[in-house]
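Inspection log for the structure reproduced underneath, given as structure tokens.
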Amino acid sequence: MDAVRIATSVLSLIAGVGIFLIACSMMSANLEALGSRKLKSLFSKASKSRLIGVGVGAATTAVIQSSSATSVMVIGFVNAGIMSLAQAATVIFGANIGTTITGQLVALGMFGGNSVSTSVIFATFAGIGAFILAFAKKDRLQKLGGIMAGFGMLFVGLSMMGDSMEYFSELDSVKNFLAAFKNPLLLVLIGALLTAIIQSSSVMTSMAITMVVTGLITLNQGIYITMGSNIGTCVTALIAGLTSTKNAKRTALIHLIFNVSGVFVFMIIGLFMRIGSADYGDIFAKIFPHTPQIQLSMFHTVFNVITVIIVLPFTNLLVKLVTKLVPDKEGGESEKDRPRLYFIEEHMLKNPPIAVHQTKSEVINMAKIAFENFEIACEIVSSLDYAKVKTFRKNEQLLDHLNKEIAKFVVKLLRSDLGEKDRIYLSTVFRSIIDLERIGDYAENIVESADKLKDTKEEFSAEVKREIDDLRSLVKELFNDVVSTYENIDMDALQRAYDVENSVDEFTENMVEKHIKRLNDGAYSPEVGTQYLALSTNVERIADHYINVAKSVKLL
């Protein structure tokens with residue numbers, strides 16, 4: 001054996017795997033960045049039926065090329081109550097189908113024979129993408145260049161892995177060593193272990209396809225290694241789940257049980273097939289003759305599709321099982337009652353574009369909580385009915401918590417590799433969350449006005465209560481325009497928000513004039529007048545802070 005050639009082949013294999021991993025990450029990050037704005041509307045369709053949930057999961061993962069990113073968003077929607085755990089499960093099932101697209105692309109790149117191989121043709125995209133990255137000024141074009149460069153690099157890495165494995169396939173000692181691994185269970189464990197180490201089922205499946213094509217392993221060995229890769233890919237989510245919310249833990253468990261169930265069923269079927277002197281390799285070799293790359297990539301797809309068909313009817317039972325395995329604590333404060341983040345978690349930092357998208361969802365959620373407290377405060381000061389004061393206090397604590405925790409998360413996120421637009425957006429978040437926390441403070445001032453009225457056994461007149469209702473309606477209109485502006489970068493909504501904010505200013509100015517007139521007429525006591533004036537000031541400042549949030553989009 002040529003020691004130099006062996007060393008070269010080993011180094012080429014390591015380099016090929018490295019390039020492939022970087023390519024997957026690069027392509028996924030840019031695809032996420034381009035598609036993340038539209039994903040929320042797509043995910044909202046998952047609630048219509050289980051099959052639609054599977055379709056949404058498959059489509060999302062096929063587009064952004066990252067099942068982990070899909071899982072991250074699912075956890076955020078479950079935490080926020082937008083999606084139930086059962087709906088999330090169906091999206092995760094679909095994500096397993098969507099992730100098989102990488103194997104199909106790899107198989108497609110291995111055609112060529114005597115002509116120019118498709119792998120070489122696809123690899124040229126790396127150069128095209130690099131030119132776009134070097135010269136493009138627009139953020140969108142740069143992301144497109146990143147996608148093309150990542151796509152091309154997939155096949156550069158694949159070619160390097162293939163070349164190194166071709167030499168190993170010529171060595172009888174290597175082939176004999178690998179041939180000894182025939183036990184299906186052992187092959188599944190090897191696939192799971194290697195995938196857990198490299199943290200990418202796509203890379204593991206692609207390596208298995210390459211090894212089958214070069215003759216290093218048989219198709220049947222590749223099939224069982226690929227099954228194991230489906231289990232190994234859950235390790236990252238499980239590790240992340242250890243320090244995450246209960247919904248994150250449950251989601252990771254659903255993913256694991258789903259994949260283990262599929263492997264178990266296929267292992268049992270394979271056992272009976274071997275009794276009859278058959279195996280999966282024989283079946284797929286007959287269906288797709290003379291194309292080992294297609295044989296293995298198609299098995300991977302069929303495996304996941306059939307697993308979904310088997311597990312989907314038992315979705316509710318699966319959700320009950322993971323809820324029992326990860327229960328809410330009995331006695332004391334449950335997780336849903338504690339101040340917490342709804343859309344963002346630490347492990348999302350591995351997918352920066354998705355994390356930015358989720359941060360925006362978290363800020364919008366904070367705006368909604370602040371508005372809820374404003375509405376409760378207005379109800380309390382008008383009626384002196386404190387039925388909702390517990391909800392108010394809980395929201396108040398939550399706003400303080402969100403202000404601190406979103407800021408911490410954004411600081412960490414800014415250390416990631418982000419585009420210019422995302423960095424500018426994140427820089428505005430610090431101001432926006434302070435504005436929203438201040439809205440909560442002014443709502444608290446309104447409740448304090450109610451406390452003073454209650455202490456003096458006084459209340460606002462029917463006329464004043466109607467004015468408060470009119471003012472609430474204006475602020476509600478402002479809030480809706482602000483959310484539309486912030487969520488969709490809608491400049492028309494921003495202009496409407498400016499107009500409504502001006503109306504709030506005029507309304508509160510009129511309240512001051514009415515206050516002076518009522519005092520002179522003796523229509524109410526000085527204490528009631530003082531609280532009426534304080535109310536107008538607090539609402540005017542709330543409107544100012546909401547418009548500040550909307551104005552932040554002008555920087556984008």
Side-chain angles (χ1 to χ4, degrees), residues 32-44 73 76-77 79-82 139-140 341-344 348 352-375 395 398-399 401-407 409-410 413-414 418-443 473-504 539 541-556:
E32 288 168 19
L34 279 180
S36 60
R37 294 187 187 278
K38 298 179 181 177
L39 290 175
K40 188 171 182 178
S41 60
L42 182 64
F43 268 62
S44 65
M73 288 185 288
F77 289 131
N79 281 343
I82 295 171
D139 187 59
R140 192 173 183 83
L341 294 165
Y342 288 80
F343 289 92
I344 55 180
M348 292 181 184
I354 295 297
V356 172
H357 178 267
Q358 295 293 94
T359 300
K360 177 177 275 193
S361 296
E362 196 73 73
V363 173
I364 292 169
N365 186 55
M366 187 177 177
K368 291 176 180 177
I369 294 166
F371 180 72
E372 183 184 11
N373 258 20
F374 164 72
E375 292 237 287
N395 286 344
L398 182 54
L399 288 170
H401 180 78
L402 290 174
N403 182 31
K404 294 173 186 174
E405 295 305 315
I406 293 173
F409 184 83
V410 171
L413 186 52
L414 280 167
L418 294 164
E420 178 87 14
K421 201 168 184 179
D422 284 341
R423 287 194 172 276
I424 293 171
Y425 165 69
L426 290 174
S427 69
T428 70
V429 169
F430 295 107
R431 174 62 191 269
S432 294
I433 59 178
I434 289 172
D435 280 314
L436 295 172
E437 197 267 336
R438 292 272 172 82
I439 289 169
D441 291 341
Y442 288 121
S473 296
L474 276 175
V475 175
K476 185 174 184 178
E477 188 180 346
L478 172 63
F479 166 75
N480 289 333
D481 287 332
V482 167
V483 169
S484 181
T485 301
Y486 194 85
E487 191 167 17
N488 306 311
I489 315 183
D490 184 346
M491 292 305 165
D492 292 334
L494 177 60
Q495 186 54 55
R496 291 196 302 272
Y498 278 130
D499 293 340
V500 178
E501 196 262 341
N502 287 333
S503 297
V504 172
V539 175
R541 288 174 180 171
I542 284 171
D544 288 343
H545 286 296
Y546 266 129
I547 206 71
N548 285 344
V549 175
K551 285 193 293 187
S552 68
V553 304
K554 292 170 72 175
L555 297 172
L556 304 178

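Residue numbers start at 1 and run along the sequence shown.
Within the cation-pi definition used here (under 6.0 Å to the ring centroid, within 45° of the axis), Lys360 qualifies as a partner of Tyr486.
For the pair Ile489 and Tyr425, the minimum side-chain heavy-atom distance is 4.5 Å or more. For the pair Asn548 and Ser432, the minimum side-chain heavy-atom distance is 4.5 Å or more. Glu375 is not listed as a side-chain neighbour of Val475, based on a closest heavy-atom distance of 4.5 Å or more.
The OG1 atom of Thr485 sits 7.5 Å away from the CD1 atom of Ile547 when rounded to the nearest 0.5 Å. One distance of note links CG of Leu402 with CG of Asn395; it measures 9.5 Å at 0.5 Å rounding. Taking NE2 of His401 as the start and CG of Leu341 as the end, the distance is 5.0 Å to the nearest 0.5 Å. Here Leu426 contributes atom CG and Lys421 contributes atom NZ; the two are 13.0 Å apart, rounded to the nearest 0.5 Å. The CG atom of Leu398 sits 7.5 Å away from the CG atom of Asn365 when rounded to the nearest 0.5 Å. Thr428 contributes atom OG1, which lies 13.5 Å from atom NZ of Lys554 (distance to the nearest 0.5 angstrom).
Other residues, nucleotides and ligands contribute over 12 non-hydrogen atoms within 6.0 Å of the CZ atom of Arg423.
The aromatic rings of Phe479 and Phe371 sit parallel, their planes meeting at an angle under 30°, below the 60° perpendicular limit.
In this structure a side-chain-to-backbone donor-acceptor pair under 3.5 Å is present from Ser427 to Ile424. Between the side chain of Glu362 and the backbone N or O of Ile344, at least one donor-acceptor pair lies under 3.5 Å. Checking side-chain atoms of Ser484 against main-chain N and O of Asn480 turns up no donor-acceptor pair under 3.5 Å.
For the residue pair Ala407 and Phe430, the shortest heavy atom distance occurs at O-CE2, 3.7 Å. The two residues Leu478 and Ala497 make their nearest non-hydrogen contact at CD1-O, 3.4 Å. Of all the heavy atoms in Phe409 and Ala355, the pair that sits closest is CZ-CB, 4.0 Å. Of all the heavy atoms in Leu399 and Glu437, the pair that sits closest is O-CG, 4.1 Å. Closest non-hydrogen pair, Asn403 versus Ile433, comes out as O-CD1, 3.3 Å. When all heavy atoms of Leu494 and Ala550 are compared, the pair lying nearest together is CD1-CB, 3.7 Å.
In this view, Arg541 satisfies the salt bridge (charged side-chain N to carboxylate O under 4.0 Å, His left out) rule with no residue, not counting sequence neighbours. Evaluation of the side chain to side chain donor-acceptor pair (under 3.5 Å) rule for Tyr442 yields no partner, not counting sequence neighbours.
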task: Apply side chain to side chain contact (heavy atoms under 4.5 Å, CB included) to the pair His357 and Thr359, showing each step before the final yes or no.
output: CA-CA 5 Å; His357 178 267; Thr359 300; over 6 Å; no

task: Evaluate the side chain to side chain contact (heavy atoms under 4.5 Å, CB included) criterion for residues Phe374 and Val539: first the C-alpha distance (whole Å), next the side-chain angles of each, then the deciding distance (0.1 Å), finally the verdict.
output: CA-CA 9 Å; Phe374 164 72; Val539 175; 3.9 Å; yes

- request: List the steps, then state whether side chain to side chain contact (heavy atoms under 4.5 Å, CB included) holds for His545 with Ile434.
  value: CA-CA 9 Å; His545 286 296; Ile434 289 172; over 6 Å; no

query: Given the rule in the side chain to side chain contact (heavy atoms under 4.5 Å, CB included) test, do Arg438 and Asp435 qualify, once you have shown the distances and angles that lead to the verdict?
result: CA-CA 5 Å; Arg438 292 272 172 82; Asp435 280 314; 5.5 Å; no

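Asp492 has no carboxylate O lying under 4.0 Å from a charged side-chain N of Arg496, or vice versa, which leaves the two without a salt bridge.
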